[in-house]
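Notes to accompany the following structure.
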Amino acid sequence: MSSSRPFTSSLYLLTFTLLLQNVLGVDPLYSSCSGNENSTVNYGSYRTSLNVLMGSFYHLAPANNKGFAVGSLGQDNQDRPYGLVLCRGDVSSSDCRACVANATRELRKRCPNSKVGIIFYDNCLLKYSNKHFFGQIDNGSNLYLYNVQNVSNPVVFNQKTEELLSRLANKASYNSTKKYYAAGEMDLEGSKKLYGMAQCTRDLSSVDCKKCLDGAIGKLQSFAHGKRGGRVLGGSCMVRYEIYPFVRA
Ligand SMILES: *[C@@H]1O[C@H](CO)[C@@H](O)[C@H](O)[C@H]1NC(C)=O
Ligand SMILES: *[C@@H]1O[C@H](CO)[C@@H](O)[C@H](O)[C@H]1NC(C)=O
Ligand SMILES: *[C@@H]1O[C@H](CO)[C@@H](O)[C@H](O)[C@H]1NC(C)=O
Ligand SMILES: *[C@@H]1O[C@H](CO)[C@@H](O)[C@H](O)[C@H]1NC(C)=O
Ligand SMILES: *[C@@H]1O[C@H](CO)[C@@H](O)[C@H](O)[C@H]1NC(C)=O
């Protein structure tokens, strides 16, 4: 069906644009809201708690340079928001703070009456829900991105990306100095290199971190097969590979 081609390539372009924006790191990559409430009666106290919780993340997440916070707030007999924020393992605490500030502001703006929301930036992830979700793998809001450019030897290249990312998944889950974060590189033919990163939210157990990353890597292997770059941004974990260095020193 020739008519499907232009549609497909515009989707690719959209993906590519997202990857480009990414370099600047300013715009959110993705956000989503659900559980919309139309009544201030149902939403009012939730909103109040949510605003306080979001405000506290700005101080909590970057403060001790750990780049992670979870929290919940509110009265027992009412809906209470559960929130989580995670900065990418390689960002400074000031970049983390800036990202969390933007993420909280933007998510409140985009989801003014939602009980559930999530937003991804290049530097951080923020989500909240009225359901307790800590410690559970969330791959319901996974975002898959890839570079439209193909590599010349996809079979070998894919083996390499899988090898590197699996190593990083192991390291992030079981053996990282910075909890649940690992980055690394691998030599390709010639003087080329492959760069990768893996990270989980710190509410997960090591076993679940590994599960989440393995699931993401598996997906990446199929949708980004033979692509020069690819990433999965998830509510519980993220992986990425590129043929240029993207991790900050
Ligand atoms: C935060 O948002 C503002 C306005 O959209 C933008 O100018 C700024 O670069 C953003 N900062 C970060 C760290 O994303
Ligand atoms: C909001 O609630 C009112 C009254 O309950 C209802 O009439 C209206 O259709 C609702 N609007 C939406 C967008 O759900
Ligand atoms: C990459 O390869 C796919 C499948 O072989 C092809 O459809 C696509 O047009 C290629 N993309 C570029 C940018 O060359
Ligand atoms: C953890 O990393 C160290 C140093 O990189 C290595 O020697 C050790 O074998 C690793 N342990 C596990 C359980 O992978
Ligand atoms: C989603 O989570 C499950 C664990 O419950 C994991 O085994 C699976 O691989 C994940 N799927 C994706 C697509 O990441």
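Numbering of ligands and ligand atoms starts at 1, following listing order. Keep in mind the model is a prediction, meaning the values are calculated, not measured.
Interface atoms of ligand 5 facing K219, defined by a heavy-atom separation under 4.0 Å, are 13 (C). Proximity to I137 (heavy-atom distance under 4.0 Å) selects the following atoms of ligand 5: 2 (O), 4 (C). If you number the atoms of ligand 3 from 1 as listed, the ones under 4.0 Å from a heavy atom of K227 come out as 1 (C). The atoms of ligand 5 that sit less than 4.0 Å from any heavy atom of A216 are 14 (O). Proximity to N150 (heavy-atom distance under 4.0 Å) selects the following atoms of ligand 3: 1 (C), 2 (O), 3 (C), 8 (C), 10 (C), 11 (N), 12 (C), 14 (O).
At under 3.5 Å, not a single nitrogen or oxygen of Q149, backbone or side chain, sits near a nitrogen or oxygen of ligand 3.
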Margin query: What verdict does the side-chain hydrogen bond (donor to acceptor under 3.5 Å, both in side chains) test give for R80 and S72, after you've listed the backbone C-alpha separation in whole Å, the side-chain angles of each residue and the deciding distance to 0.1 Å?
Written below: CA-CA 7 Å; R80 36 166 56 228; S72 179; 2.9 Å; yes

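The shortest non-hydrogen separation linking T161 to N158 is OG1-O, 2.9 Å.
The protein heavy-atom contact nearest to atom 9 (O) of ligand 5 is G215 CA, 3.3 Å. The protein non-hydrogen atom at the shortest distance from atom 2 (O) of ligand 5 is N139 ND2, 2.5 Å.
Annotation: cation-pi geometry satisfied between K127 and F133 (NZ/CZ under 6.0 angstrom from ring centroid, within 45° of ring axis).
Looking at V148 against ligand 3, only its backbone comes within 4.0 Å, counting heavy atoms.
For the residue pair R167 / N170, no side-chain donor-acceptor distance below 3.5 Å is found, with atom types taken as modelled.
When ring centroids are compared, F246 and Y195 stay outside the 6.0 Å threshold.
Using the six-membered ring where Trp is involved, F223 and Y146 have ring planes that are tilted, between 30° and 60° apart.
Between C237 and C212, the SG-SG separation falls below 2.5 Å.
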